[in-house]
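Structure record follows, encoded as C-alpha cells.
To find a chain, count down the sequence lines: A is the first, B the second, and so on, and within it residues start at 1. Computed from a predicted structure; not experimentally measured. Just so it is clear, the values below take in all heavy atoms, side chains as well, and ignore hydrogens, waters and symmetry mates.
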Amino acid sequence: MPDFEQELNPEQFAAATGPDGPTLVLAAAGTGKTRTLVYRVAYLVESGVPPDRILLLTFTNRAAREMLERARQVAGPGVGNVWGGTFHHFANRLLRKHARQLGYALDYTILDRDESVSIVKNCTKTLGLQSKAFPKAAVLLGIHSAAVNSDADLNDIIEARYAEHWHDPTDILKVLNGYTEKKRQLNAMDFDDLLLNGLNLLRQHPSIETYYQERFLHVLVDEYQDTNPIQAEMVDRLAALNRNLLVVGDDFQCIYSWRGADHRNIMSFPDRYKDTRVTKLETNYRSVPEILNVANACIARNKGQFKKTLRATRPAYSKPVVVHLQDGDRQADYVASQIAMLRREGYKLSDMAILYRAHYHALEMELMLKRSQIPYFMTSGMRFFEQAHVKDACCMLRLYRSKSDELAFARIAQWLPGVGQKTAEKVWSKLGGTFNATDPDAQQFVADTLPAAARTGWKKIAAIWSTAEKETHTRVPGDILSMFLSGFYEAYAVNAFDNFEKRLEDIQGLIQYLGKFKDIDEFLNEVALFTNLDAESDSMDETEQDAIRLSTVHQAKGLEWPVVFILWLAEGLFPSGRSIADSAEGELEERRLFYVAVTRAKDELRLCVPAMRINRDGSPAFYTPSRFVKEIPPKLVETSKLKRPGFY
DNA sequence: GTTTCGGTTCTTTTT
DNA sequence: GAACCGAAAC
C-alpha cells in the first residue's frame with residue numbers, strides 16, 4: 001500500500017482519499033490534477049473497488065491511458081480493467097453492445113467529417129437547393145452539431161446564427177433531415193450521434209441505464225469544465241444510483257464552448273449535488289512564480305468564476321519575455337535562435353513547445369525549422385486518419401469486413417479509371433445495397449457492371465480480398481494492407497499523388513500500427529475516434545527522436561514544457577478576429593485560451609508579437625499587439641524590440 | 001451524362 | 001494543400 005499522505009500534498013490527499021459521494025475538485029493549472037486522479041483511482045482499487053466497476057472519463061484517450069498506466073504503477077496490474085477513455089469512446093463502447101435497441105446494426109460505421117460533409121452536399125443537391133445563397137455543407141453541419149451538442153432546438157440555433165442574414169429554416173431543416181435519413185440508411189453515426197445515441201440509450205432504456213448505474217460504483221470525470229449538456233447528463237445518469245461522482249476541472253480553462261461545452265456545468269455542480277465536497281488545488285508545482293504572476297493577472301479580468309489563485313512553490317527565476325517583431329519571418333528567426341541558445345543551456349528539444357491559435361499560424365515556423373534542420377513534431381490540422389491515402393487503406397479493410405459499407409465501396413470504385421460518383425452509385429444499387437468482398441460471384445458481377453476501363457484494376461483489388469480470405473489463418477491484419485500496397489495501391493498512388501512516397505510510408509506505418517490490435521474489427525470499430533495524439537503516443541513512428549513540439553493551444557491542453565513560445569500575439573490572430581466578433585463571450589474564451597497557453601510553461605515563456613503578416617495574395621496586413629499582452633502589467637515581463645535579425 | 005482537369009479561393013479551435 | 005467551379009474530354 002503506497003503512502004498516500006506522503007506522496008501527495010494535503011489538498012491532493014484530501015481529494016484522492018476523500019469519502020464516497022459527489023466531489024468537485026477545482027484544480028487550477030499545474031496543481032497536480034492528473035496526479036490526484038491517478039491516486040484517486042489507485043486509492044479506490046486499494047480500498048477494494050473492483051477496477052472494472054470504475055469509469056474514468058477523460059478528454060483524450062491518451063490522457064486516460066497515461067493515467068491508468070500511472071495508477072497501475074501505484075496500485076498494481078488490476079487497474080488495467082478500469083473503463084477509461086473519452087466520452088465518444090465510452091459511448092461507442094456502449095453502442096457496440098446495445099445499438100440494436102436504437103435500430104442500428106452493431107457494425108455501424110462512424111462517419112468522419114469529410115464523409116458527413118459529402119452526405120450533406122448530396123442531400124442539398126438532391127433537394128435542388130444548392131446555390132450561392134444557400135449555406136454550405138460545413139455550415140449546415142455546424143448548425144446541426146451545435147444543436148445536438150448544446151441540446152438546443154435547431155430553429156433557435158439558426159435564428160441565433162442568422163440574426164442578420166435571415167434564412168428560411170425550412171430548407172435547412174429539409175437538408176438536415178435528409179442527412180439524418182441517409183445516415184440511418186447507411187447504418188452510420190457521426191461524432192455527435194455517438195454522444196446523443198449513447199445518452200438516448202440511457203434515457204430510453206431503463207434496463208440498460210440501471211445496468212450501468214449498478215455497474216459503475218465510481219465515476220470520475222477529468223476536464224469537467226469542457227463537458228457539454230449531453231455529456232453532463234450522461235454523467236449524471238450514470239452516477240445517479242451510487243452518487244459516487246468525482247469531477248475535476250478548472251473553469252479558467254474552459255476552451256471548448258464553441259462545441260457546446262458549458263462551464264455552467266462545473267459552476268452549478270454544487271447546486272445540483274447539494275452534499276458536494278469541494279476541494280481546491282491551488283498549489284502550483286509546474287511554473288516559476290514569474291509565469292504564474294502573468295497567468296493570474298490575465299485571468300483576473302474574467303469575472304464570474306470560482307475564485308482560485310495559483311500559489312507558486314518554485315523559487316524565483318526569470319520573467320516571461322515579450323518580444324516585438326516585424327513579421328512572421330523575424331518571429332521564426334527569433335524562435336530558432338532562442339532554441340539554439342536554450343539548447344546550449346542544456347534544454348533538450350523535447351523540453352520546448354511552440355504554441356499558436358490556429359494551424360496556419362505555424363507556417364513560417366515550420367519552414368524555418370525545416371531549413372535549420374531542427375526536428376519537430378506537429379499535430380497538423382489534417383489528422384492522420386483523415387488523409388486520403390490512409391482512408392483508402394481503411395476502406396479496403398472496411399469492405400472486406402462489411403457487406404453493406406456503401407461509402408467504402410464508393411471510395412474504392414473511384415480509384416478505377418472512368419468511375420466517378422455516379423457510376424459508383426449505379427453499381428452499388430445494382431448490387432442491391434450489399435456486396436460480399438470475398439464472394440467470387442459478387443466480384444464478377446461488379447466486374448461486369450463496371451465500365452471496361454475499370455475492369456483490370458478491379459480484378460487486382462478483388463484478388464487481394466480473395467487471397468486474404470484463403471490464407472487468413474496464417475495472416476495478421478496488416479498483411480492484407482501489404483498485399484493491397486504491392487497488388488494495387490503503389491501503382492495507383494504513383495499516378496495519383498505527387499508526394500506518393502510519403503503517403504506509401506504512412507500506409508507502412510499503418511500496417512505496423514495494426515499489429516497492436518487483436519483483429520481488424522477491433523481496429524475498425526474505433527478508427528474514426530483516433531486522434532493524432534493517440535496515434536502518436538502509440539508511437540507510429542518507430543524513431544523516438546528528440547524533437548520540439550508545434551501545437552495549437554487547444555491540443556496543448558493538459559501538457560507542459562519547460563520552455564514555451566507563443567506565436568502571433570496580435571489582435572485578430574490571438575485573440576482570433578472571428579471569436580471576438582461573435583459575442584462578448586468570445587473574448588472571455590480567448591482569454592482563457594491564452595491563460596491555458598501561458599500555464600503550459602514551467603521555466604521560460606516567450607510571447608511573440610509580430611507587427612505584420614503577408615497575406616496570401618502578397619499584400620501586407622498590419623497588426624496591433626494582442627490585448628492579452630497589453631493587459632499584462634509591464635513590471636511582470638521583460639520587453640524587447642528586435643529591429644535587426646541576428647541580434648537577440 | 002459523367003469524368004477529369006485546370007484555375008481560383010481561403011484557412012479557428014476538434015471528438 | 002484541398003475544395004470548388006466551370007469547361008473540355010470521354
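- For dT14(B), one of the phosphate oxygens OP1 or OP2 lies less than 4.0 angstrom from a side-chain nitrogen or oxygen of His359(A).
- As judged by a 4.0 angstrom heavy-atom cut-off over every strand, Lys557(A) is placed among residues making no nucleic acid contact.
- Every residue two or more places apart in sequence or in another chain that forms a salt bridge (charged side-chain N to carboxylate O under 4.0 Å, His left out) with Asp251(A) is listed here: Lys308(A).
- The base of dT12(B) is not paired with the side chain of Arg578(A) by any donor and acceptor separated by under 3.5 Å.
- Of the candidates dT3(B), dT12(B), dT15(B), dT15(B) carries the atom nearest the His88(A) side chain, counting heavy atoms from C-beta on.
- For Lys121(A), taking side-chain heavy atoms from C-beta onward, the closest of the listed nucleotides dT14(B), dA3(C), dT3(B) is dA3(C).
- Between Arg357(A) and Ala528(A), the one whose closest nucleotide on DNA chain B sits nearer the 5' end is Arg357(A).
- Residues Asn265(A) and Thr227(A) have side chains that bring a donor and an acceptor to within less than 3.5 angstrom of each other.
- Of the candidate nucleotides dT14(B), dT3(B), dT12(B), dT14(B) has the atom lying nearest to any side-chain atom of Tyr256(A).
- Between the side chains of Tyr595(A) and Asn302(A), no donor-acceptor pair of N or O atoms lies under 3.5 Å.
- Val117(A) and Ala137(A) get closest at one heavy-atom pair: O-CB, 3.7 Å.
- By the side chain to side chain donor-acceptor pair (under 3.5 Å) test, Glu223(A) pairs with Lys33(A), Gln225(A), sequence neighbours left out.
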Tabulate atom names and distances for all N/O pairs under 3.5 angstrom spanning the protein and nucleotides 8-10 of chain C.
none

Could you tabulate the donor-acceptor pairs under 3.5 Å formed by side-chain atoms of residues 409-422 of chain A, not counting sequence neighbours?
{"unit_1": "Arg411(A)", "atom_1": "NE", "unit_2": "Asp392(A)", "atom_2": "OD1", "d": "2.7"}
{"unit_1": "Arg411(A)", "atom_1": "NH2", "unit_2": "Ala388(A)", "atom_2": "O", "d": "3.1"}
{"unit_1": "Arg411(A)", "atom_1": "NH2", "unit_2": "Asp392(A)", "atom_2": "OD1", "d": "3.3"}
{"unit_1": "Gln414(A)", "atom_1": "OE1", "unit_2": "Gln421(A)", "atom_2": "N", "d": "3.4"}
{"unit_1": "Gln414(A)", "atom_1": "NE2", "unit_2": "Ala410(A)", "atom_2": "O", "d": "3.1"}
{"unit_1": "Trp415(A)", "atom_1": "NE1", "unit_2": "Asp392(A)", "atom_2": "OD1", "d": "3.1"}

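- Residue Trp258(A) and nucleotide dT13(B) are classified as a stacked aromatic pair, their ring centres being separated by less than 5.5 Å at an interplanar angle below 30°.
- As judged by a 4.0 angstrom heavy-atom cut-off over every strand, Phe87(A) is placed among residues making no nucleic acid contact.
- Positionally, the nearest nucleotide of DNA chain B for Lys426(A) lies more toward the 5' end than for the other of Lys426(A) and Leu593(A).
- At a threshold of 4.0 angstrom between heavy atoms, the contacts of Gln421(A) are confined to the sugar-phosphate backbone, with no base atom among them.
- Among the atoms of the strands shown, only primed sugar atoms or phosphate atoms (P, OP1, OP2) are found under 4.0 Å from some heavy atom of Arg503(A).
- With sequence neighbours excluded, no residue satisfies ring pair (Phe, Tyr, Trp, His ring centres under 6.0 Å) with Phe500(A).
- The distance from atom CG of Asn197(A) to atom C1' of dT15(B) is 15 Å, rounded to the nearest whole Å.
- Distances from the side chain of Ser576(A) to the nucleotides dT2(B), dT12(B), dT13(B) place dT12(B) closest.
- Side-chain atoms of Phe191(A) lie closest to dT15(B) of the nucleotides dT3(B), dT12(B), dT15(B).
- Between Arg613(A) and Phe622(A), the closest side-chain pair of non-hydrogen atoms is not below 4.5 Å.
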Under 3.5 Å, which protein N or O atoms sit close to an N or O of nucleotides 4-8 of chain B? Give each pair with its distance.
{"unit_1": "dT4(B)", "atom_1": "OP1", "unit_2": "Gly418(A)", "atom_2": "N", "d": "3.0"}

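- Between Phe574(A) and Phe628(A), the ring planes lie perpendicular to each other; the angle is over 60°, past the 30° to 60° tilted range.
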